[in-house]
Amino acid sequence: MHGAALAGYAQSLLDAFPDLKLELVGSAEASNGAIAAPWLLFGTHRGELMGNAPTGKKAVLPGCDFLVVSNGRIDSVKGFFDPADLMAQLGLEARE
């Protein structure tokens, strides 16, 4: 994910979880500028999320971002988490 796509994704998370807190729980850097950054996301579902109305439920979601950095700038970010875990915590069914 790059630039505008990353910004749009971040905004959609903030819209769905206005009290969003992202806690970095570690990191590891490789010699080629790649960084693994595991995290926990905390938030209350108060806005639309993947076509689902707000539930008001709290969620704690583990995940990890993998970043590529060069010349002090982030070139790309790939994030991983389990959407089914998030949907289950919110009492929602995953949509295809």
Side-chain angles (χ1 to χ4, degrees):
M1 194 177 302
H2 301 274
L6 182 58
Y9 176 71
Q11 188 59 56
S12 69
L13 283 177
L14 289 170
D15 291 345
F17 299 95
D19 63 344
L20 182 137
K21 178 183 171 197
L22 190 65
E23 181 180 316
L24 188 62
V25 294
S27 66
E29 184 174 352
S31 61
N32 64 355
I35 300 170
W39 46 259
L40 290 171
L41 179 144
F42 301 86
T44 308
H45 183 211
R46 301 217 181 274
E48 183 182 312
L49 177 68
M50 295 183 277
N52 292 289
T55 62
K57 294 184 178 183
K58 293 187 181 293
V60 178
L61 183 67
C64 189
D65 285 348
F66 295 89
L67 301 89
V68 176
V69 178
S70 63
N71 299 320
R73 297 182 59 140
I74 297 172
D75 289 333
S76 66
V77 178
K78 292 183 182 177
F80 297 89
F81 66 93
D82 183 356
D85 180 24
L86 177 60
M87 293 293 144
Q89 288 185 53
L90 299 177
L92 301 169
E93 292 185 29
R95 295 181 178 191
E96 299 195 22

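Worth saying up front: this structure is predicted, and the values here are computed from it rather than measured. Just the heavy atoms: all of them, side chains too, but no hydrogens, waters or symmetry mates, feed the values below.
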Nearest non-hydrogen partners of G91 and K57, listed with the distance: CA-NZ, 3.9 Å

D15 side-chain N/O to G47 backbone N/O, donor-acceptor pair under 3.5 Å: no

Heavy-atom closest contact (L86 atom, A59 atom, distance): CD1-CB, 3.8 Å

Side-chain donor/acceptor of N71 to backbone N/O of R73, under 3.5 Å: no

Co-membership, hydrophobic cluster, residues V25 and L22, 4.5 Å side-chain: no

ILVMFWY network linking V60 to L13, side-chain heavy atoms under 4.5 angstrom: no

Nearest atoms (heavy-atom pairs only) where D85 meets L61: OD2-CD1, 3.8 Å

For the student: nearest non-hydrogen atoms of W39 and F80, plus distance: CZ2-O, 4.1 Å

Gap separating the CZ atom of R46 from the CG atom of L14, nearest 0.5 angstrom: 14.5 Å

Heavy-atom check, side chain of N52 versus side chain of L90, under 4.5 Å: no

F17 and H45 aromatic ring geometry - parallel, tilted or perpendicular at 30°/60° bounds: tilted

Heavy-atom closest contact (P62 atom, F81 atom, distance): O-CB, 3.6 Å

Non-hydrogen atoms of V69 and D75 that approach each other most closely: C-OD2, 4.3 Å

Interatomic spacing from SG in C64 to CD1 in I35 - rounded to 0.5 Å: 11.0 Å

Hydrophobic cluster membership, F42 vs L20, 4.5 Å side-chain cutoff: no

Straight-line distance of K58 NZ to D19 CG, nearest 0.5 Å: 5.5 Å

Co-membership, hydrophobic cluster, residues L40 and L67, 4.5 Å side-chain: no

Evaluation steps, side chain to side chain contact (heavy atoms under 4.5 Å, CB included), between K78 and V68: CA-CA 9 Å; K78 292 183 182 177; V68 176; over 6 Å; no

